[in-house]
Student: 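Pasting in a structure now, in structure tokens, and then I'll have a few things to ask.
Everything quoted here is computed from the prediction, not taken from an experiment. In what follows, residues are counted from 1 in the order of the sequence shown. Start at 1 and go down the list; that is how both ligands and their atoms are numbered.
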Amino acid sequence: MTQDELKRAVACAAIDYVVDDEIIGVGTGSTANFFIDELAKIKHRIKGAVASSEATAARLRSHGIAVFDLNEVDYMSVYIDGADEITYQGAMIKGGGAALTREKIVASVAEYFICIADGSKLVQTLGSFPLPVEVIPMAEAVVTRKLATLGGEPRLRVKEGKAVLTDNGNIIIDVVGLTISHPAEMERQINDIVGVVTVGLFAQRAANICLLGTPEGVKTLRFE
Ligand code: 5RP
């Protein structure tokens, strides 16, 4: 099976976790996109969705799914999103699509975080995937110096010769070459650096469930 087929399989499986008549939190990325396409098929069953990025909001709207502002929503049963890496304990690296801050905010309102990922994302230890950090642009140099002391190599994310900007107008610094043995501790440590908006470690609020796409079928990992 291709990686896209595995992503589509977990996106289909995630539909079982959608709660009727409720608002659902929706993540960002190619796996989340497959999920949105599946969600469109049962859109009559839900009130609508809260999007974790402008791209997700646009895709939801293109399917005729109502998009709510998070400020109008005080409860969601589930938030469904992909990950760049996930451990056997449910800690994740996210932010490959630069949506980490809004993802973390929307996820914080949901009771359950359902991670949907192809099998290549499951790791023993986080860090092979460069760790994204969203940073206020004027703090680029000072944050880069502080991130360098953690042992990895911080690199400004650039696309077509320009710094990538998030939906919030900030830059992304990817830290390459980390071995993250204590993700919750590192999440706290990086979030404490002045100028950092969010680190793409989701460990203090890890996934509750991971639907993992494998050639043998979708496996369900529960972390509670
Ligand atoms: C975006 C994310 C994505 O969930 C993560 O990058 C996984 O993406 P994909 O589903 O395309 O593999 O965190 O900021």
Student: Using a 4.0 Å cutoff against the non-hydrogen atoms of Lys94, which atoms of ligand 1 qualify?
Tutor: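 Going through ligand 1 atom by atom, the ones under 4.0 Å from Lys94 are 2 (C), 3 (C), 4 (O), 13 (O).
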Student: Measure from atom 5 (C) of ligand 1 to every heavy atom in Asp84, Asp118, Ile116 and give the option owning the shortest one.
Tutor: Asp84
Student: Which heavy atom of the protein is the closest neighbour of atom 12 (O) of ligand 1, given with residue, atom name and distance?
Tutor: Lys121 NZ, 2.7 Å
Student: What part of Ala83, side chain, backbone, both or neither, has a heavy atom within less than 4.0 angstrom of ligand 1?
Tutor: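 Only the backbone of Ala83 comes within reach of ligand 1.
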Student: Below 4.0 angstrom from a heavy atom of Asp81, which ligand 1 atoms are there? Numbered from 1 as shown, please.
Tutor: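 In order of numbering, the contacting atoms are 4 (O).
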Student: What protein heavy atom sits nearest atom 10 (O) of ligand 1, and how far away is it?
Tutor: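 In this structure, atom 10 (O) of ligand 1 has Thr31 OG1, 2.5 Å as its nearest protein heavy atom.
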Student: Please list, in number order, the atoms of ligand 1 under 4.0 Å from a heavy atom of Lys7.
Tutor: 9 (P), 11 (O), 12 (O)
Student: Does Glu185 have more than 12 heavy atoms from other residues, nucleotides or ligands lying within 6.0 Å of its CD?
Tutor: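 No - once you tally the heavy atoms of other residues, nucleotides and ligands closer than 6.0 Å, there are 12 at most.
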Student: Hey, does Thr101 have a side-chain heavy atom less than 4.5 Å from the side chain of Asn170?
Tutor: no
Student: Suppose I only count heavy atoms of Gly82 and a 4.0 Å limit; which atoms of ligand 1 are within that range?
Tutor: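 Under 4.0 Å from Gly82, ligand 1 has these atoms: 4 (O).
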Student: To which protein heavy atom is atom 11 (O) of ligand 1 closest, and what is the distance rounded to 0.1 Å?
Tutor: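 It is Ser30 OG, 2.5 Å.
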Student: For Thr56, run the side-chain hydrogen bond (donor to acceptor under 3.5 Å, both in side chains) check against Asp81, Asn33, Thr28 and tell me which one passes.
Tutor: Thr28
Student: Is the closest heavy-atom distance from Gly95 to ligand 1 below 4.0 Å?
Tutor: yes
Student: Mind checking whether Arg155 and Val176 have side chains closer than 4.5 Å, heavy atoms only?
Tutor: yes
Student: So among Leu70, Val50, Asp74, Ile46, which one has a side chain to side chain contact (heavy atoms under 4.5 Å, CB included) with Ile23?
Tutor: Val50
Student: Can you list the atoms of ligand 1 that are under 4.0 Å from a heavy atom of Ala99?
Tutor: 14 (O)
Student: What protein heavy atom is closest to atom 2 (C) of ligand 1, reported as residue, atom name and distance in Å?
Tutor: Glu103 OE2, 3.3 Å
Student: Between Asp84 and Lys121, is the salt bridge (Lys or Arg N to Asp or Glu O under 4.0 Å) condition met? List the steps.
Tutor: CA-CA 6 Å; Asp84 298 303; Lys121 309 287 182 69; 5.1 Å; no
Student: Ring of Phe68, cation from Lys47 - is the NZ or CZ under 6.0 Å from the centre and inside 45° of the axis?
Tutor: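 No, Lys47 does not lie over the aromatic ring of Phe68.
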Student: Could you tell me which atoms of ligand 1, counted from 1 in the order shown, lie closer than 4.0 angstrom to a heavy atom of Thr28?
Tutor: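 Contacts of ligand 1 toward Thr28, numbered from 1: 1 (C), 2 (C), 3 (C), 4 (O).
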Student: Evaluate salt bridge (Lys or Arg N to Asp or Glu O under 4.0 Å) for Glu5 paired with Lys7, printing each intermediate quantity in order.
Tutor: CA-CA 5 Å; Glu5 284 167 339; Lys7 289 180 180 187; over 6 Å; no
Student: Pull out every atom of ligand 1 sitting under 4.0 Å from any heavy atom of Ala98, numbered as shown with elements.
Tutor: 14 (O)
Student: Looking at Gly82, is its backbone amide N or carbonyl O close enough to the side chain of Lys94 to form a donor-acceptor pair, meaning the two atoms are under 3.5 Å apart?
Tutor: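 Side chain of Lys94 to backbone of Gly82, a donor-acceptor pair under 3.5 Å: yes, one is there.
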